[in-house]
**Q** 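Structure in structure tokens, see below.
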Amino acid sequence: MPDSEALLRVEHLSKFFPVKKHRLFEEQSYVHAVEDVSFSVNAGETLGIVGESGSGKSTLARTILALTPSTSGDVYYQGEKITDFKVGHAEQKRLRSQMQMIFQDPYASLNPKLKIGDAISEPMLANGQASSRAEAEKKTRELLEVVGLRPEVFDRYPHEFSGGQRQRIGIVRALAVNPKLMFCDESVSALDVSVQAQVLNLFNSLKNEFNLTYVFIGHDLSVVRYISDRILVMYLGKVMEITGYDQLFSEKTHPYTQALVSAIPEPSTAPRKNRIILEGDIPSAVNPPKGCRFCQRCFKAMPECSEVEPEMREVEPGHFVRCHLYDPKEANER
Ligand code: SF4
């Protein structure tokens, strides 16, 4: 599955968080936030990562970007293993500046006392994208125009902007250091639907203009599929499926993906016929279910599902699914 020519390659990446002990000799337990995740992203594509809240999507992005240290596994960027670098290593700094993250709430990442223009031009100067303050200011004003903001907003403060405008400022801040790969973590989730569409269209036009590659993270498949070439489905810290946009409606999709697809709104007043309602909540990541992680909520679960963990299998070219339904051996026995 991982591609050696990919811009980003993630191999068996795991992130466990220790749970606070309440008794002296209590055995240490861990939140299995991300477990044994492997995938790759090719230059110029948009990989969507989708799953309910608590599935590990954001932790995965933060672990790839070393915003939180990994427990095990490796990350390769342009073929170079970046998990080997020590914190502060110059090469690590250079490569990391090519990977930027846009957060759900850009307001939280903006200093309320700093003018927007300064918040954008200072990282530009620090990363060597501009040789003087005047050049940084000129580039900042140009970038503000690119995302549809007037250059005069340079001198305004974060509280003077709406949610959609702040998200555009977050995008400019990421673009300021000339990235190649952008992680958009629930970047449009907090916006009104009409503003969501504008920002998604902006992401698409910037992709072409700046030769960007995106990892687009969200909980709403109808939004994620709009922008993605391929989609990775996560559940309880594990990858359940990696599929092309066109294969999302294939008969061979994972039951969890089928439930997500069935929840995509349709432009019709007629009642939905095939909506799959999942029972219960996502289980605790401290004691994930034995066997298939999805077995407690799966509407197609079989006896073996709660005993044996399914492996990831290629069910169609480029379409990988982790489910016993597509295990040829199990299928023969059924
Ligand atoms: Fe459902 Fe079993 Fe497939 Fe898991 S392995 S998704 S429980 S059918």
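Just follow the structure's listing: the first ligand is 1, and inside any ligand the first atom is 1.
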**Q** Can you check side-chain contact (heavy atoms from CB on, under 4.5 Å) on Lys15 and Thr68, steps first, answer last?
**A** CA-CA 9 Å; Lys15 176 64 190 178; Thr68 183; 3.5 Å; yes
**Q** Flag the pair Tyr214 / Phe203 as yes when their ring centroid distance falls below 6.0 Å, and as no otherwise.
**A** yes
**Q** Tell me which one of Glu241, Arg293, Arg297 satisfies side-chain hydrogen bond (donor to acceptor under 3.5 Å, both in side chains) with Tyr235.
**A** Arg297
**Q** Hey, is CD on Glu279 packed in by over 12 heavy atoms from elsewhere, all under 6.0 Å?
**A** no
**Q** Just how far is it from atom CZ of Arg225 to atom CG of Leu248, taken to the nearest 0.5 Å?
**A** 7.0 Å
**Q** Which atoms form the tightest heavy-atom contact between Thr140 and Gly117, and what is the distance?
**A** CG2-O, 4.0 Å
**Q** May I ask you to list the protein N, O or S atoms found at less than 2.8 Å from atom 1 (Fe) of ligand 1?
**A** Cys298 SG
